[in-house]
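Only one structure is covered here, and it is reproduced in the block below.
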Amino acid sequence: MKKLNDSKNNMKRELSNRHIQLISIGGTIGTGLFLGASRSIAFTGPSIMLVYLAAGIFMFLLTRAMGEMLYMDPDQHTFINFISKYLGKPFGFFSGWTYWLSIIFTGMGELTAVGIYFQFWFPKMPMWIIQLMFLAAIMSINLITVKFFGEAEFWFAMIKISAIVALILTSIFMLATDFKTPIGAVGLTNISKNFQLFPNGFKNLVMAFPMVFFAYQGIEFVGITTSETKNPRAVLPKAINQIIIRILIFYIGSLIAIMLIYPWQSLDPKQSPFVWIFKLLGISWAAGLINFVVLTAASSALNSILYSSGRHLYQLASDSSGKFNKNCAVISKNGVPARTICLSALAVAVSPIINSIPTIKDAFSVIASVSSGAYLLIYILTLFAHRKYTQSKDYLANGFLMPKPKFFGPLTIAFMVFILISMLFQKETCPGVVTALIWLVVFGGYSLAKYKNENS
């Protein structure tokens, strides 16, 4: 099989194996783990581990479907191109702009989080100034070279990983030394005592899935790096196959560590368990340390978002015609789509305006739910495109194959639909999903009409 060292799409293949491995790890570790672990545990008890495992398996299957198509054609900037190729141009047009907007909404959410975290140290500094400063810094990282982006993401991911490994090692140390907390000893009894599979009811278990899905959102970013990766057919399968191992170690390992140290029934859902546990060890500056870690996690997410949205908008410009194509489908001398990166950053910069609207009490939740709804639509269409791909002449029988696609493909689609429906029954997420569904009807209808008119 031909080794791909040079990209046919004008991008420079400067991302190495270590960059891709850390980018894929960073894509599965979000701020929710550091700040929201107590809330998710309190929501449904130890069974939250089953939710993370189940959601992780389906997200892994999704990335395998994407990875199979990208392995066949590693020159694609984005997996969205396969929707257009195998489902038709109306679906590709709809998916292209919907996915770009969903990435932008995710970026707005992360930028909102950055402002909140930074105000921990500078409470009097206006949030909009903080947000614009951070956005400018992250945009600059993306404008230099793709290799510089890879290095920045490598070290962002290392900080997150170090914090999680420190938590797991701390729990092992406390368990081995029979460490005493204010309400008892560290041990398995903190999990097993009065164990119930659904301590807060089966409904809470179901409603935990959207919360966990948001934590995994963006896991597909590793696939967007394919066109700028050295020897992608060797690197991509390794990165994707290790996702399930990272889920077990980083997410489930962290949850077990937290519940070993402290009875889950007594956890404060409003407090970061990382802060509380490190304080138990006498680290008085634990709050500042974890704030730095979550700020890094948010910066890492924003870094990947500008990378992905910039490449994706470049692809949209390349596929269009007229002034948009001429002005935006341009690669800079550094080998990056600088103009579309800047346009994406400008769109994310709307976040401070949304945060300043008095009627929106929780801007982060609103933005996150709209983004999640849109992501689910795209993931479902991607899985349908994969199904069509396996029946096409392009099918690479000796490639990087999704396991048992005839069974796991429809099952993964059903899981995504399940998440979408469950979000409709929560007041925090329902408005965002309704907005996404209205967008599906309105913009989906426009996409069909646009290409019907063009072909008539």
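Count residues from 1 along the sequence.
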Considering all heavy atoms, the nearest A257-I168 contact = CB-CA, 4.2 Å
query = Residues in side chain to side chain contact (heavy atoms under 4.5 Å, CB included) with S320, at least two apart?
reply = F324, N325
ask   = With side chains defined as the heavy atoms from C-beta onward, is the minimum distance between I341 and R311 less than 4.5 Å?
value = yes
task = Indicate, with yes or no, if the rings of F408 and F415 have centres closer together than 6.0 Å.
result = no
Spatial distance of atom OG (S309) from atom CG (N142) [nearest 0.5 Å] = 8.0 Å
key: Between CG on residue L383 and OG1 on residue T412, distance to nearest 0.5 Å   = 6.0 Å
query = Under a 4.5 Å cut-off applied to non-hydrogen side-chain atoms, are L424 and L420 in contact?
reply = no
query = More than 12 foreign heavy atoms under 6.0 Å from OH of Y395: is that the case here?
reply = yes
key: Min side-chain heavy-atom separation M416-L377 under 4.5 Å   = no
task = Return yes if some donor-acceptor pair links the side-chain N/O of S351 with the main-chain N/O of V348 below 3.5 Å, else return no.
result = no
key: Interatomic spacing from OG in S299 to CD1 in I305 - rounded to 0.5 Å   = 11.0 Å
message = Contact between L143 and C342 at the side-chain level, heavy atoms closer than 4.5 Å - yes or no?
response = yes
inquiry  = Would Y216 and F58 count as a side chain to side chain contact (heavy atoms under 4.5 Å, CB included) here? Give the steps.
reply    = CA-CA 10 Å; Y216 286 130; F58 282 111; over 6 Å; no
Backbone N/O of R387 and side chain of T390: donor-acceptor pair under 3.5 Å = yes
inquiry  = Does atom CH2 (W128) have a neighbourhood of more than 12 heavy atoms from anything else shown, all under 6.0 Å?
reply    = no
remark   = Rounded to the nearest 0.5 Å, the CG atom of L440 sits from the CG atom of L376 at a distance of 12.0 Å
Donor-acceptor under 3.5 Å (S332 side chain, V336 main chain) = yes
request  = Specify whether F443 and W439 have parallel, tilted or perpendicular ring planes, treating 30° as the upper limit for parallel and 60° as the lower limit for perpendicular.
outcome  = parallel
message = Check whether N334 reaches the backbone of T145 with its side chain - one donor and one acceptor, N or O, closer than 3.5 Å.
response = no
ask   = Between the main-chain N or O of S371 and the side-chain N or O of S102, is there a donor-acceptor pair closer than 3.5 Å?
value = no
remark   = In short, Q217 meets S372 closest at the heavy-atom pair OE1-OG, 2.8 Å
task = Taking all heavy atoms of G107 and all of L302, pick out the closest pair and write down the distance.
result = O-CD1, 3.7 Å
query = Hey, are the side chains of Y52 and M49 touching, using non-hydrogen atoms and a 4.5 Å cut-off?
reply = no
ask   = Under 3.5 Å, is there a donor-acceptor pair between the side chain of R233 and the main chain of M72?
value = yes
inquiry  = Are N398 and L396 packed together at the side-chain level, in the sense that at least one heavy-atom pair is separated by less than 4.5 angstrom?
reply    = yes
request  = Look at atom CE of M158 and say whether more than 12 heavy atoms of other residues, nucleotides or ligands are closer to it than 6.0 Å.
outcome  = no
key: Point-to-point distance, once rounded to the nearest 0.5 Å, from CG of L306 to CG of L135   = 6.0 Å
request  = Over all heavy atoms of both residues, which pair between A347 and I104 is shortest? Give the atoms and the distance, please.
outcome  = CB-CG2, 3.8 Å
ask   = Are any side-chain N or O atoms of Q131 and backbone N or O atoms of A349, one a donor and one an acceptor, separated by less than 3.5 Å?
value = no
request  = Establish, yes or no, whether a centroid distance under 6.0 Å links the rings of F91 and F384.
outcome  = no
F418 atom CZ, over 12 foreign heavy atoms within 6.0 Å = yes
Separation between CD1 of I141 and CD of E151, rounded to the nearest 0.5 Å = 11.5 Å
task = Grab the two heavy atoms, one from V212 and one from A55, that are nearest each other, plus how far apart they are.
result = CG1-CB, 3.8 Å
Whether H386 side chain and M66 backbone form a donor-acceptor pair below 3.5 Å = no
task = Output yes when a side-chain donor or acceptor of T429 lies under 3.5 Å from a complementary backbone atom of M423, and no otherwise.
result = yes
query = Does W121 CH2 have over 12 foreign heavy atoms under 6.0 Å away?
reply = yes
query = side chain to side chain donor-acceptor pair (under 3.5 Å): which pairs involve residues 375-385, sequence neighbours left out?
reply = E220-Y379
query = Is it true that a side-chain atom of N204 and a backbone atom of F43 form a donor plus acceptor pair closer than 3.5 Å?
reply = yes
task = Kindly say whether the aromatic ring centers of F79 and Y99 come within a distance under 6.0 Å.
result = yes
ask   = Taking NZ, NE, NH1 and NH2 as the nitrogens, is one of them in K85 or D394 under 4.0 Å from a carboxylate oxygen of the other?
value = yes
query = Is any side-chain heavy atom of M125 less than 4.5 Å from a side-chain heavy atom of M133?
reply = yes
query = Are the ring centres of F134 and F118 closer than 6.0 Å?
reply = yes
key: More than 12 heavy atoms from other groups under 6.0 Å of CZ on F149   = yes
inquiry  = For a quick check under 3.5 Å, do W100 and S344 share a side-chain donor-acceptor pair by atom type?
reply    = yes
inquiry  = Counting C-beta onward and ignoring hydrogens, is there a side-chain heavy-atom pair between F400 and I240 closer than 4.5 Å?
reply    = yes
task = Determine the minimum heavy-atom distance between F82 and L70, stating which atoms define it.
result = CE1-CD2, 3.7 Å
